[in-house]
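Notes to accompany the following structure.
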2 protein chains.
Amino acid sequence: MSDQTAPTTAAGEPPTAAARGAESAVGAAEPTRARGEQTRQLILETALRLFRERGYAQTTMRAIAKEAGVAVGNAYYYFESKEHLIQEFYRRTQAEHLARAAAPLAAETDFAARLRAVLHAGIDVLGPSHAFAATFFKTAAEPTSPLSPFSVQSSEARSDAIGLFSEVLEGSRAKVDPELRPDLPELLWLAYLGVILYWVHDRSPGQTKTRLLIDGAVPLIDRLVALSRLRVLRPITAQTMQLIKTLRH
Amino acid sequence: MSDQTAPTTAAGEPPTAAARGAESAVGAAEPTRARGEQTRQLILETALRLFRERGYAQTTMRAIAKEAGVAVGNAYYYFESKEHLIQEFYRRTQAEHLARAAAPLAAETDFAARLRAVLHAGIDVLGPSHAFAATFFKTAAEPTSPLSPFSVQSSEARSDAIGLFSEVLEGSRAKVDPELRPDLPELLWLAYLGVILYWVHDRSPGQTKTRLLIDGAVPLIDRLVALSRLRVLRPITAQTMQLIKTLRH
DNA sequence: ACCGCAACTTGAACACGTTCAGAAAGGACG
DNA sequence: CGTCCTTTCTGAACGTGTTCAAGTTGCGGT
């Protein structure tokens, strides 16, 4: 990205921006990404850095703008609100989670081991951000927020995540009650949300307790899944599945 | 402040304030309740009314003060922050929950029926506030918030709530694995928190789905509790209890 | 009556997230 | 070049929660 024989349209700057093209008309409120792509990135990078350095609440929009060398209003041109800067954080976190989970998923076939690896990978990624992430995860808990994992806006991220747990299941040699199987990935995702919820509240140094939670819960889930085919438990399994179907939208 | 014949001490105003007395020195940051008790009540009543009428976010501190006929600063003399007004809402809700649960608990001895009644009573109390309660329950999800159900500040409310579920269990003729029994009330309370979490996100009219959740989950819990004594499940029970003990502070 | 002190009350001022009317900066077309 | 239009950018201004130095009030002691 340093040479100057850059062809046709190039000013030689946006190397990544080349990979645009397929601007799917999802129809969100975002400005049609073009010249300002660089500015957008600059603001985003600055914001995330400051969040990490000072915490979310302690980072003012004015500080972000100043540090990025733009006016406050400009930040609002690219991001609807301070919260929407977080959304980008989620996106990155999610992407890295997928990336880190890839290796163990390729290597392992045992269901419990796969699940355990994916859960740990998630916390691995989140880990360094615990201090500031915890303070805004509350926003995600608000039902009306677009950041809620159940919201329409995050449906893409959600299905990505659920897809990850689908792969956990499919790549394994676990035997699962056929009635349970189609819904299990979503349940595992819910369990993952539970882990995150615990992680957010986890005050132990290095959040080691969350690790214990994962290591403790995975065998239980594994056994429960196996037992779901047992005669004594079949009715409970069926009943549970029935309830879940009722409660889902 | 208009007439001048004001006699010695009496303006004839504080009839309720007479019932003070036992000012237990808990030593919180609250101002020593005395003359201002009336003002405090006035502000609180006004605030809760406005919350209900306009919603939490739409109610400004200025509006509360104006409506109550005091200065903004005065509201902050009695309540540390806008959020602390919510805390009072919790307290009342909790008290009414206890009150409403009393009757069914006195009448019923079946564990499932008792649990079901208590859960429904909770939602009964919360019901009318769904519109505005949902918007600030997020605050409770924040780990650092004093409103968090896990915080030190709400330990009294917490133990009250857990006590309610203790009574659910003790007043029943349920047979429970002795290893599980001492911790079951807390687990039931956690389940109740889960119900509330669902309720907050419940968009169905009248939150009927939450009712379905209760009616569906109670039999499952009931059966699970019963099964906990079963041979096949004993190891799982034990393992689960072990995990929970590890994870608790 | 007066003093002194603590309880209470005030409203201007602060910092923050957000909005908005308007500049600047490109670029396409003549 | 000039004209027009869209994209990008600006900073003052608004409404909010919260703070604070300064006032007022009521009461016990003299």
Side-chain angles (χ1 to χ4, degrees), chain A residues 8-11 13-14 17 20 23 29-44 46-47 50-51 54-86 135-136 139 145, chain B residues 1-4 6-14 17 20 23 29-44 46-47 50-51 54-66 68-87 135-136 139 145 147:
Chain A
T8 53
T9 60
E13 354 167 353
R20 178 111 24 68
E23 189 77 62
E30 316 232 339
T32 52
R33 215 69 50 63
R35 313 206 297 272
E37 181 65 20
Q38 269 191 132
T39 313
R40 190 191 145 88
Q41 283 303 318
L42 175 61
I43 293 170
L44 181 55
T46 309
L50 291 185
F51 286 165
R54 318 179 181 176
Y56 178 70
Q58 286 70 38
T59 303
T60 72
M61 290 302 282
R62 283 170 179 80
I64 295 171
K66 191 173 190 179
E67 197 88 356
V70 300
V72 228
N74 203 6
Y76 280 92
Y77 179 74
Y78 290 104
F79 300 94
E80 266 182 57
S81 72
K82 195 180 174 188
E83 281 189 15
H84 278 75
L85 286 163
I86 296 178
T135 70
F136 63 61
T139 327
S145 167
Chain B
M1 52 182 67
S2 47
D3 65 317
Q4 64 285 58
T8 51
T9 60
E13 343 170 358
R20 179 108 20 66
E23 190 77 62
E30 316 230 339
T32 52
R33 217 68 51 64
R35 312 206 298 271
E37 181 66 19
Q38 268 193 134
T39 313
R40 191 191 145 89
Q41 283 303 317
L42 176 61
I43 293 170
L44 181 55
T46 309
L50 290 184
F51 286 165
R54 318 179 181 177
Y56 178 70
Q58 286 70 38
T59 303
T60 71
M61 290 301 282
R62 283 169 180 79
I64 295 172
K66 191 172 189 180
V70 300
V72 230
N74 203 5
Y76 281 91
Y77 179 76
Y78 290 104
F79 301 94
E80 266 182 58
S81 71
K82 195 181 174 188
E83 282 188 14
H84 278 75
L85 285 162
I86 296 178
Q87 208 155 20
T135 70
F136 64 61
T139 326
S145 167
L147 278 88

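Note that the coordinates shown come from a computational prediction; the quantities given were computed from them, not determined experimentally. Order of the sequence lines sets the chain letters (A, B, ...), proteins ahead of strands, with each chain counted from 1.
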Working to the nearest 0.5 angstrom, can you tell me the gap between T59(B) OG1 and I64(B) CD1? 6.0 Å
When rounded to the nearest 0.5 angstrom, what is the spacing between CG in L50(A) and OH in Y56(A)?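 Between atom CG of L50(A) and atom OH of Y56(A) there are 13.0 Å.
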Rounded to the nearest Å, what distance is computed from the [atom1] atom of residue [X] to the [atom2] atom of nucleotide [N]?
X: E37(A); N: dG26(C); atom1: CD; atom2: P; result: 17 Å
X: F79(B); N: dT19(D); atom1: CZ; atom2: P; result: 15 Å
X: R40(A); N: dT7(D); atom1: CZ; atom2: C1'; result: 15 Å
X: E83(A); N: dT18(C); atom1: CD; atom2: P; result: 7 Å
X: L85(B); N: dT16(D); atom1: CG; atom2: C1'; result: 15 Å
X: K82(A); N: dT16(D); atom1: NZ; atom2: P; result: 19 Å
X: Y78(A); N: dT7(D); atom1: OH; atom2: P; result: 11 Å
X: R62(B); N: dC14(D); atom1: CZ; atom2: C1'; result: 11 Å

Compare side-chain N and O positions of [X] against OP1 and OP2 of [N] and report whether any pair is under 4.0 Å apart.
X: Y77(B); N: dT9(C); value: no
X: T39(B); N: dT9(C); value: yes
X: Y76(A); N: dC20(C); value: no

The side chain of [X] is closest to which nucleotide in this list: [options]?
X: V72(B); options: dC9(D), dG11(C), dT18(C); value: dG11(C)
X: S81(B); options: dC16(C), dT16(D), dT18(D); value: dT18(D)
X: A71(B); options: dC8(C), dT16(D), dG11(C); value: dG11(C)

With a non-hydrogen cut-off below 4.0 angstrom, is V70(B) in contact with a base, only sugar-phosphate, or nothing? sugar-phosphate
Stepwise, does the side-chain contact (heavy atoms from CB on, under 4.5 Å) test hold for Y76(B) with H84(B)? CA-CA 10 Å; Y76(B) 281 91; H84(B) 278 75; over 6 Å; no
Is the closest side-chain heavy-atom distance between Q38(A) and Q41(A) below 4.5 Å?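 A side-chain contact under 4.5 Å is absent here.
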Which comes earlier along DNA chain C counting from the 5' end, the contact point of Q58(A) or that of A75(B), where each point is its nearest nucleotide? A75(B)
Return whichever of M61(A) or N74(A) has its heavy-atom-nearest nucleotide of DNA chain C closer to the 5' end.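 Its nearest nucleotide being more 5', the pick is M61(A).
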Set of residues satisfying ring pair (Phe, Tyr, Trp, His ring centres under 6.0 Å) with respect to F79(B), sequence neighbours excluded: none
